[in-house]
Amino acid sequence: MSAYSKIENKWRKLWLKARVYEPDLRKAKKPFYNLMMFPYPSAEGLHIGSVRTFTGIDIYGRFKRMQGNNVFEPIGLDGFGINSENYALKIGAHPVKQAKISEKNFYRQLEMIGNGFAWRERLETYDTDYYKWTQWIFVQMFKDGLAYRKQSPVNWCPSCKTVLADEQVLPAGKQEFAGECERCGSKIEKKDLEQWFFKITDYAERLLSGLDKIDWPESVKVAQRNWIGRSEGYSLKFPLVGIPEQEDRKHSIDIFTTRPDTLFGATFVAISPELAKRWINAGWQASDEIKKYISSALARREGREISGEAEKTGVFFGIHAINPANQEKIPVWISDYVLDTYGTGAIMAVPAHDSRDFEFAKKFNLVIREVISPNGRDHDLRSAYMDPGVMINSAKFNGINSEAAKIEITKFAGGDRKINYRLRDWLISRQRYWGPPIPMIFCSACGKLGKGERKDMPGWYSVLEKDLPVRLPFIKDYRPQGTGESPLAKDKKFSKVKCPKCKNWACRETDVSDTFLDSTWYFFRYLDAKNKRKLFDWLRVKRWLPVNMYIGGSEHSVLHLLYSRFITKAFFDWKIINFDEPFPKFRAHGLIIKGGAKMSKSKGNIVNPDGYFKDFGADVMRLYLAFMAPLDSGGNFRDEGISGVDRFLVRVKKLGAKLAKTSKDGLSKNSEKLLHKSIKKVGEDIENLHYNTAISQMMILLNEFEKLPSLPWHPYGIFLKLLAPFAPYLTEELWQNFSFKGSVASGWKKQNSIHLESWPKFDPKKIKDENFKLIIQINGRVRAVLDATTGISEKEALEMATNDENVKKYLSSLAGSPKKTIFVPDKLLNLVI
RNA sequence: GGGCGAGUGGCGGAAUGGUAUACGCGCACGACUUAAAAUCGUGUGCCGAAAGGCUUGAGGGUUCGAGUCCCUCCUCGCCCACCA
């Protein structure tokens with residue numbers, strides 16, 4: 001037990017009862033939505049890093065509150081989804097039961113950190129009242145044409161017999177583990193299944209342009225831009241030759257390129273193994289050799305794409321295409337270096353000007369023809385020449401600049417400008433148990449007749465809004481099937497449903513949606529968490545959104561933040577909100593490490609906050625975590641470091657004993673100056689999330705106050721206010737003890753809380769210095785530091801300098817008079833000899 | 001391979017182009033104590049007896065003056081990765 005537990009418990013209860021942190025969501029005059037990414041209740045409990053983020057943003061929120069804002073700081077749990085389910089699987093508990101246990105543990109931990117949470121609005125994504133609206137969003141996406149089904153390969157672990165999310169397949173970076181299941185280490189395979197997708201690609205352009213108007217760290221914006229991967233290029237058609245006229249056969253290949261200027265040097269076409277397989281499935285003839293290559297290439301590609309280092313393989317497809325620029329007959333190859341998921345799955349290969357094509361052509365002895373040259377002549381190509389240059393070997397385009405040739409050659413070859421994106425549609429289905437059932441129904445009877453809610457998807461109906469939520473049934477064996485179906489498929493009571501159209505027996509969709517969907521919209525729901533009839537009350541949303549300040553981990557730079565922006569833009573298009581960027585201001589927090597290494601179970605260096613909060617108290621831990629480093633950078637968690645802030649708080653408490661008897665006493669001029677400087681600095685530092693330097697400034701101020709024989713009341717009150725966002729419990733207690741306002745004995749009221757006091761203001765006049773240290777430099781080196789009066793002229797400064805013994809010595813030894821003097825008012829004088 | 005970020009004491013870190021190492025930890029010495037802890041005080045980048053010199057990953061540049069701006073390189077961290 002820490003020395004503070006008693007007062008912490010007292011104030012926690014009083015604050016809760018008085019609703020100090022519950023703004024009126026319907027009427028607040030100066031709403032300020034202070035949001036942190038909600039946690040998913042992990043196995044180990046609240047991570048010390050999350051605690052730092054939560055208390056960190058709470059410091060900001062308390063500061064904003066004292067500045068007169070109605071601060072709303074909600075909290076909830078992102079407890080639905082694969083992570084929680086895997087934990088349940090691991091310990092052999094049922095996710096439904098485990099959720100309740102984790103929930104209790106997390107809320108217990110979140111209560112002890114001293115945050116001003118609006119507890120009444122808390123939510124959990126697995127709550128029926130919550131996921132009802134997750135499903136509602138799915139229904140709207142379907143009706144709007146933004147949800148669709150398509151065949152897609154999923155990750156499948158043959159040993160766990162389960163479908164895995166991409167995040168669960170070890171990434172390519174760790175070479176020796178690439179493409180392995182994170183749980184059992186088996187090689188991941190791909191299975192083709194019909195999956196639901198959200199058409200996020202429709203929003204690619206807006207997701208890109210929206211970045212320009214939001215205040216986010218540049219690195220996060222760059223990450224999103226790269227993820228979206230807009231590429232301006234051209235599409236070209238390569239006709240195929242020698243193909244018998246048959247309906248079911250392709251007669252040309254479409255490709256995307258950013259380098260049409262190299263078209264005359266395109267000496268072969270390469271297509272992805274996946275595309276080749278689709279053609280063969282559609283009726284193409286292919287030799288056994290080719291089929292064998294395709295299946296071995298696909299097998300190698302299972303799991304994540306292998307690293308760029310891997311050697312390229314390929315096989316001649318046995319057909320030829322026509323280069324549209326020079327009508328040359330060029331071979332069509334199948335190769336594993338062609339990505340199926342980017343562009344059209346087919347490329348024109350220009351070995352002379354693309355390193356990958358070059359490598360491939362060398363290996364298979366294909367024609368390499370130079371068409372761009374740095375100097376207008378052929379030269380010996382040892383590697384691909386990828387820079388711009390002068391056109392050669394390109395018929396009538398010879399001699400012109402390659403940049404100019406891009407559009408000319410495209411026109412000549414009958415191509416078009418095309419913008420291509422790296423971004424792919426969002427795969428939303430999960431063949432899992434622990435998530436919101438996708439609210440769709442398939443009727444085979446309607447499907448045969450081509451009927452459905454949407455013409456492009458015969459037989460598919462969304463669940464009627466009045467029938468939402470589609471409740472996740474409790475099933476005993478929730479383990480993933482490995483059949484490509486969700487465990488829900490086994491529950492016939494669940495999956496058998498009447499068709500909303502023809503009333504015959506139909507099938508319910510048994511997949512659940514991706515966890516990331518749950519977290520795209522939680523900040524809307526916080527505003528109206530108890531509303532059973534609507535997603536949210538429009539007036540509240542109008543009053544509070546978009547979010548004023550959002551803080552979270554940069555690991556969500558791409559997925560969560562991009563998906564949330566996407567859903568918000570969809571809401572905007574559905575006209576249920578009037579803004580289309582949810583987080584105009586976002587800041588990423590840093591990572592704290594322990595003993596120089598990232599915290600992990602295998603290293604055994606995970607810090608459990610429970611013991612620390614118990615031993616030191618919330619105020620000390622909040623201060624320690626804030627003092628470690630600026631919030632947006634990391635820090636090393638060291639037990640020894642805690643004592644510094646612990647002592648600091650003890651001294652703050654002791655300082656109260658020194659309070660002067662009357663409130664009339666003033667401070668000396670110097671102390672007052674420091675006080676006002678501190679008010680300024682602490683405020684500015686909090687605004688910039690530089691809590692470490694704010695605390696350092698308060699320590700300096702405390703050191704000054706401690707030196708005084710007695711301390712007047714007023715400055716002590718100001719000091720407590722500056723400290724209040726960091727150490728909410730102790731400052732509230734001292735505020736009350738010294739009767740700045742009310743006391744518990746006289747019936748403590750909300751209005752008496754230090755946390756609703758106004759933030760101190762500094763007087764710019766009182767900050768002005770009358771004296772300063774004049775730095776005298778000779779040739780840029782400091783030779784004297786003199787006390788001077790603020791505002792002295794260059795002449796006066798020079799006089800002071802030349803009268804100084806030390807300076808005299810240098811001037812005489814260097815035997816010269818200053819050639820030049822540089823004078824920075826109230827700062828320094830530099831004599832150049 | 002590409003993108004982003006970072007390299008400052010024994011440690012976390014601080015420095016609008018103007019006294020580098022604030023604040024804190026740790027350490028040393030001293031006071032208090034029978035003693036220890038706690039507390040308080042003093043000191044604490046490196047070399048040097050001192051005067052003084054050197055020091056922000058390495059090297060160059062711009063500047064009267066560079067931790068800060070520019071170029072080259074090295075190391076570490078994170079993200080992406082055959083994106084045509």
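Numbered from 1 within each chain, the chains take letters A, B, ... in sequence-line order.
The existence of a salt bridge linking D357(A) and K312(A) is excluded, since no basic side-chain nitrogen approaches an acidic carboxylate oxygen closer than 4.0 Å. For K768(A) and E770(A), the salt-bridge test fails: no basic side-chain N is under 4.0 Å from an acidic carboxylate O. Under the 4.0 Å criterion applied to side-chain N and carboxylate O atoms, E706(A) and K658(A) are not assigned as salt-bridge partners. At a threshold of 4.0 Å, the pair R369(A)-E328(A) counts as salt-bridged, since one of the basic side-chain nitrogens sits closer than that to a carboxylate oxygen. Electrostatic pairing of R259(A) and D354(A) does not count as a salt bridge here, judged by no charged N lying under 4.0 Å from a carboxylate O.
With sequence neighbours left out, Y337(A) forms a ring pair (Phe, Tyr, Trp, His ring centres under 6.0 Å) with F360(A). Under the rule for a ring pair (Phe, Tyr, Trp, His ring centres under 6.0 Å), the partners of F637(A) that lie at least two apart in sequence or sit in another chain are Y612(A), Y624(A). For F719(A), there are no ring pair (Phe, Tyr, Trp, His ring centres under 6.0 Å) partners, not counting sequence neighbours.
Here, rA38(B) and rA31(B) have their C1' atoms 14 Å apart, quoted to the whole Å. Using atom C1' as the reference point in both rG1(B) and rU16(B), the two lie 39 Å apart (nearest Å). Comparing rG26(B) with rC70(B), their P atoms are spaced 39 Å from each other, to the whole Å. Look at the C1' atom in both rA14(B) and rU8(B): the space between them is 10 Å, to the nearest Å. Between the C1' atoms of rG12(B) and rG17(B), the separation comes to 27 Å (whole Å). When the P atom is compared between rG7(B) and rG13(B), the two are found 10 Å apart, to the nearest whole Å. Using atom C1' as the reference point in both rC71(B) and rC23(B), the two lie 35 Å apart (nearest Å). To the nearest whole angstrom, the two P atoms, one in rG60(B) and one in rG65(B), are 16 Å apart.
Among the atoms of the strands shown, only primed sugar atoms or phosphate atoms (P, OP1, OP2) are found under 4.0 Å from some heavy atom of G635(A). Within 4.0 Å (heavy atoms only), V220(A) reaches no atom of the nucleic acid at all.
rG12(B): glycosidic angle beyond 90° from 0, hence anti.
Distance, N226(A) CG to rC80(B) P: 11 Å, rounded to whole Å. Atom CD1 in I593(A) sits roughly 13 Å away from atom C1' in rC78(B) (whole-Å rounding). Atom NZ in K312(A) sits roughly 14 Å away from atom P in rG1(B) (whole-Å rounding). In this structure, Q224(A) atom CD and rC80(B) atom P are separated by 13 Å, rounded to whole Å. Residue K653(A) contributes atom NZ, which lies 14 Å from atom C1' of rA38(B) at whole-angstrom precision. Rounded to an integer number of Å, the gap from L591(A) CG to rA6(B) P is 15 Å. The CG-P distance, from N779(A) to rA66(B), rounds to 12 Å in whole Å. Spacing between atom NZ of K594(A) and atom P of rG12(B) amounts to 15 Å, rounded to whole angstrom units.
When every heavy atom of Y4(A) is checked against every heavy atom of D646(A), the shortest pair comes out as OH-OD1, 4.2 Å.
The number of heavy-atom neighbours closer than 6.0 Å to NZ of K277(A), taken from other residues, nucleotides and ligands shown, is 12 or below. K237(A) NZ: 12 or fewer foreign heavy atoms inside a 6.0 Å radius.
Contact annotation: S231(A) side-chain N/O to rA84(B) OP1/OP2 distance is under 4.0 Å.
If you run side chain to side chain contact (heavy atoms under 4.5 Å, CB included) between M800(A) and each of V807(A), L829(A), I792(A), only I792(A) comes through.
Residues G343(A) and A629(A) each lie close to RNA chain B; by heavy-atom proximity, the contact nearer the 5' end of the strand is made by A629(A). Along RNA chain B, the nucleotide closest to W227(A) and the one closest to F256(A) are compared, and the more 5′ of them pairs with W227(A).
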Reading 5' to 3' through nucleotides 15-24 of chain B, protein heavy-atom contacts under 4.0 Å coded B for base, S for sugar-phosphate only, - for none: -B-BB--BBS
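In secondary-structure terms, RNA chain B builds stems of at least 3 consecutive Watson-Crick or G-U pairs, each pair having both distances under 3.5 Å, at B:1-7 with B:74-80, B:10-12 with B:23-25, B:26-31 with B:39-44, B:45-47 with B:52-54, B:57-61 with B:69-73.
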Could you run down the sub-3.5 Å N/O contacts of the protein with nucleotides 52-56 of chain B?
from, atom 1, to, atom 2, distance (Å)
rG53(B), OP1, R783(A), NH1, 3.3
rG53(B), OP1, R783(A), NH2, 3.3
rG53(B), OP2, R783(A), NH1, 3.4
rC54(B), OP2, R781(A), NH1, 3.1
rC54(B), OP2, R781(A), NH2, 2.6

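Aromatic ring orientation, F516(A) versus Y563(A): perpendicular (interplanar angle above 60°, classes split at 30° and 60°).
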